[in-house]
Amino acid sequence: ALATEFSVSEKPEGFKLVVGAANQGDVPAHDVQFEVIVDDKPLLGPVVNKLKVDEKTSVEFSLADVFGIPGRYPVVIRTNYKDDNGYRFTALTVGFYDHQSTVMPAVSISGHAIRMPVDGKGRMSFVLRNDGQAAQEIELELFTPDELSVSGERSVIDIGPQQEQTLEYEVENYSALANSRYQVSLLGQYEDNGKRVGVAGAAVVRVTDNVKAAAKPVWIWILMGGLLPGVIVFLRLKKQWI
């Protein structure tokens, strides 16, 4: 698995974003590449052919005309890589950078973990809560690793003060492996008192084997439950005959 981190610094020539990843798995990672989104601006790093176990890599990006007003800006990073068999993986990271001001969001997002069959779909939900004293118009976007697909990932909602809303998304397996876990993040952005405010909530999708196979033992127990009374009666009659 790859662990990703980032930092933003202001230099005389402008803002610099440094994104790094460390291979914390037990096999090498191949064709490692960062896809970054800062304030809806996409950035693409070079490809690192091979990242050995415990080896690190980093890329520096220049950020121009990104931070227009003070606030809490989201940084979305997809770290793409392949294993020895050429199978593609994506590590998703969502963080924030405070520009000129530290912001305490009044809005929060929380997600709920789900289990999804490897050959099917699943529904996941996020709870959006506004603990502030003012209504907010929030732009929402759901980010998933490339192994999963989702419909309706962008939306805009209004939420009143001291209110909460539940949002549901249908997630479908694209190339996820059975018995694996993938993180999904719902990102929200709004403006409050002249500041940009970013918030996010994460949820884990656990991809399991076919649920039909998992359900088979239940039918066995039901069948045994139906046969057991007959077996008991038969044994009692047999005892009387003896």
Side-chain angles (χ1 to χ4, degrees), residues 4 6 8 17 19 33-45 61 63-69 71-80 88-99 103 105-114 116 120-132 134-161 163-176 181-192 194-205 207:
T4 306
F6 73 92
V8 178
L17 168 67
V19 179
Q33 187 177 35
F34 299 120
E35 291 184 40
V36 185
I37 299 176
V38 183
D39 196 32
D40 291 333
K41 292 180 173 59
L43 303 167
L44 187 64
F61 298 95
L63 301 179
D65 301 325
V66 173
F67 309 120
I69 60 176
R72 190 173 191 251
Y73 285 80
V75 179
V76 181
I77 305 169
R78 282 192 176 98
T79 307
N80 302 311
R88 179 185 172 93
F89 293 88
T90 305
L92 179 65
T93 302
V94 178
F96 297 91
Y97 167 66
D98 288 327
H99 174 59
V103 176
V107 176
S108 61
I109 302 175
S110 58
H112 300 277
I114 67 167
M116 186 179 74
K121 302 177 181 179
R123 295 192 68 84
M124 64 188 320
S125 63
F126 290 84
V127 177
L128 185 70
R129 179 164 181 80
N130 181 6
D131 289 319
Q136 302 294 348
E137 182 182 76
I138 303 179
E139 298 179 3
L140 295 167
E141 184 171 4
L142 187 68
F143 288 92
T144 66
D146 291 341
E147 290 89 338
L148 304 175
S149 63
V150 63
S151 59
E153 63 270 18
R154 283 180 175 265
S155 61
V156 178
I157 69 168
D158 294 315
I159 183 169
Q163 292 184 4
E164 69 177 32
Q165 294 188 31
T166 299
L167 299 98
E168 291 192 347
Y169 299 88
E170 185 174 79
V171 184
E172 186 174 2
N173 187 5
Y174 178 71
S175 61
R181 301 170 63 208
Y182 298 88
Q183 178 174 306
V184 175
S185 293
L186 179 62
L187 175 64
Q189 296 188 72
Y190 62 100
E191 289 191 14
D192 188 15
K195 295 181 180 180
R196 172 70 60 85
V197 184
V199 294
V204 174
V205 177
V207 181

**Report entry** CA sep, side-chain torsions, deciding dist, call: T4, L92, side chain to side chain contact (heavy atoms under 4.5 Å, CB included)
**Finding:** CA-CA 8 Å; T4 306; L92 179 65; over 6 Å; no
Query raised in the report: To the nearest 0.5 Å, what is the distance between CD (Q136) and CD (E191)?
Result: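 If we round to the nearest 0.5 Å, Q136:CD and E191:CD are 10.0 Å apart.
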Measuring only between side-chain heavy atoms, which start at C-beta, is [X] closer than 4.5 Å to [Y]?
X: V184; Y: V171; result: no
X: F6; Y: V36; result: no
X: D39; Y: L63; result: no
X: R72; Y: V199; result: yes
X: F67; Y: V38; result: yes
X: T144; Y: Y182; result: no

Looking only at atom types and distance, does a side-chain atom of [X] sit under 3.5 Å from a main-chain N or O of [Y], one as donor and one as acceptor?
X: R154; Y: E141; result: no
X: E35; Y: P42; result: no
X: Q165; Y: D158; result: yes

Requested in this report: Could you label the plane-to-plane angle of the Y73 and H99 rings as parallel, tilted or perpendicular, counting under 30° as parallel and over 60° as perpendicular?
Outcome: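 Taking H99 first and then Y73, their aromatic rings stand perpendicular (interplane angle over 60°).
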Query raised in the report: Got a sec: does the CD of Q33 have more than 12 other heavy atoms crowding it under 6.0 Å?
Result: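 Atom CD in Q33 is crowded, with more than 12 foreign heavy atoms closer than 6.0 Å.
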